[in-house]
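Protein chains get the first letters and strands the later ones, always in sequence-line order, with residue 1 at the start of each.
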Amino acid sequence: MTEGSTMSATGKVPTTEGLGSLRDTTDRDPFAFYTDLQDRGELVWDEEMAAWLAPSYALNKEIALHDDELWQMPFAPGVPQTPLSMSEDEWMNFMHFNNDRSIMHVDEEGHAVRRQWILRGFSASTLKRWRSDYMLPVVDAEVTALIQRGSAELCADFADRVASRVFHQVLGLPSDDEFIDRLDELDRGRFPVKQAIADSRPNPKLVAEGWEATKAMIALVEPHVMARASGEGDDFISMIWRDADELYGDGWEPRHIIGEALNAWTGGTGTTRFSTANALYLLVQEPRFQDELRAGGHATIRAFVEESLRLYGPLAYRPRWAKRDVELGGQLIKAGEKVIAVSTAAGRDEARYGCPLDVDLARKAPRDHFSFWQGPHTCPGQGLARVELEAILDVLLAHTRNIRFNPDAPAPEFRFAVLRRWQPLHVVLDAA
Amino acid sequence: VKVSVDHDICAGFGLCNDALPEVFELDDLGFSVPRGDGSVPAQLEAGAAEAIAACPTHAIFSERDPAPS
């Protein structure tokens with residue numbers, strides 16, 4: 001046997017031996033590891049993760065397009081493992097804020113119906129209205145504040161503030177600092193449970209603390225959800241009230257709407273904060289694009305946003321479990337085995353993208369990446385995210401002449417494990 | 001064949017523009033619109049049919065399958 005391979009029922013297969021594990025990329029630059037992984041093969045066994053890693057464009061696409069049919073999601077009914085000995089019911093209710101009719105808490109058919117409803121809600125007509133009503137006023141105010149300061153840390157001082165303020169308004173929740181900070185703080189109390197997803201040992205104290213934070217979040221948003229029960233508002237929570245019969249069927253209760261609002265909050269807040277930061281990183285890291293985007297207008301900004309998503313999509317990888325024996329990349333994956341689609345690696349696969357590490361504003365099929373995943377579980381909020389990212393760059397570039405890293409402050413690092421971003425982003429800004 | 005995109009349904013995935021930029025372009029905010037009057041050259045009709053079928057929100061309509069009024 002040579003290093004980097006092992007025997008399986010179907011013959012010799014590549015492994016991560018000698019490369020380390022995907023787990024080791026936490027808080028470290030993962031890109032060299034991704035390249036090494038792609039050199040090893042389309043499907044590489046990672047002993048420490050007890051999973052097959054799929055770093056290629058082709059396999060990410062194949063997994064995504066057959067998500068419902070072949071692959072088990074980590075937060076959908078039928079999960080093969082739960083953290084801390086939680087029962088499946090408890091884990092699902094924990095993840096979905098006690099909403100057992102949530103979009104992610106139902107079978108594939110129910111998921112498809114509810115997902116289609118969200119997509120109808122986030123239509124072009126609605127997003128254009130929300131851009132004017134919610135996004136531009138927030139972005140304008142935050143950019144003005146940034147420029148007055150002259151220097152800032154763009155993650156905490158800008159990306160996090162803009163993403164939260166906009167998304168709270170879209171949802172129909174208060175968007176003042178106190179409410180945003182309180183919801184964030186409570187959510188951090190849930191994190192240790194989610195982080196323990198691979199730990200099956202019981203830990204009643206951690207589970208109890210996670211539930212306490214979850215219940216406090218539910219209590220915090222409840223009055224604001226109930227205040228929208230007329231269904232007359234131009235926001236996501238009002239939309240749910242309007243269509244609750246269609247969404248949840250007979251016997252639905254307000255708790256289903258509260259849970260859906262928090263589920264949407266969870267799905268949309270962190271990812272947008274992170275994708276905003278990563279786009280801003282690229283803009284400062286490659287300063288020549290600042291003038292190019294100013295000159296090129298919307299279409300150029302749009303292309304740049306897609307390249308930032310392709311290169312630094314906020315969700316680095318996605319775990320899946322085979323629902324049955326399946327052949328993937330020439331390898332037999334047995335029912336119950338885990339495959340991890342390494343989406344950010346797939347976005348840099350030179351077999352698919354010419355000069356994959358370059359920012360190419362003329363790239364063909366610019367949205368064909370995995371930042372929002374693809375197939376039946378592709379992110380339903382991607383239109384919202386795109387309009388917001390483009391609005392942020394539009395306004396920021398219109399009001400600045402130059403944005404550069406502050407040489408006296410710590411340099412950015414590509415932080416965290418699954419949801420990843422460049423942080424900190426200490427910059428100096430010159431007004432236009 | 002002529003195509004149209006209903007912006008009360010389109011959610012801005014842009015897959016049609018990725019697949020068939022000769023027929024679909026993106027407006028200022030990144031939502032798909034047919035080029036010109038939406039006429040599809042005969043040699044691109046098969047591609048247009050695929051784009052219509054692949055639209056995640058079923059927002060693209062052809063004159064043979066018009067949008068509901």
Exercise. Side chains of A/Trp373 and A/Asn60: closer than 4.5 Å at any heavy-atom pair?
Worked result: yes

Compare all side-chain heavy atoms of A/Val166 with those of A/Trp130 and state whether any distance is below 4.5 angstrom.
-> no

Under 4.5 Å to a heavy atom of chain B? For A/Thr378 that would be side chain

The interface call for A/Arg120 against chain B, heavy-atom contacts under 4.5 Å, is backbone

Requested in this report: Check whether NZ of the Lys or CZ of the Arg A/Arg310 lies under 6.0 Å from the centre of the six-membered ring of A/Tyr353 and within 45 degrees of that ring's axis.
Outcome: yes

Notebook entry, point to check: Any donor and acceptor pair, going by atom type alone, linking the side chain of B/Thr57 with main-chain N or O of A/Leu119 inside 3.5 Å?
Noted result: no

When the 4.5 angstrom heavy-atom criterion is applied to B/Phe31 and chain A, the contacting part is side chain

Turns out that what part of B/Leu26 lies under 4.5 Å from chain A's heavy atoms comes down to both

Checklist entry - Checking salt bridge (charged side-chain N to carboxylate O under 4.0 Å, His left out) for the pair A/Arg165/A/Glu142: CA distance, chi angles, key distance, verdict? => result CA-CA 10 Å; A/Arg165 282 189 198 287; A/Glu142 296 294 342; 2.9 Å; yes

Across all chains, not counting sequence neighbours, the ring-ring contact (aromatic ring centres under 6.0 Å, His included) partners of A/Tyr312 are A/Phe31, A/Tyr281, A/Phe414, A/Trp422

Practice item. Taking the six-membered ring for Trp and the single ring otherwise, decide whether the centroids of A/Phe167 and A/Tyr134 are under 6.0 Å apart. Key: no

Is the distance between the ring centroids of A/Trp117 and A/Tyr248 under 6.0 Å?
no

Within residues 294-309 of chain A, contacts to chain B at heavy-atom distances under 4.5 Å involve A/His298, A/Arg302

Of B/Asn17, B/Asp28, B/Val5, the largest count of non-hydrogen pairs under 4.5 angstrom with chain A goes to B/Asp28

Chain B shares the most heavy-atom pairs under 4.5 Å, among A/Ser125, A/Gly121, A/Gly375, A/Gly381, with A/Ser125

Between the CD atom in A/Glu388 and the CG atom in A/Leu127, the distance rounded to the nearest 0.5 Å is 10.5 Å

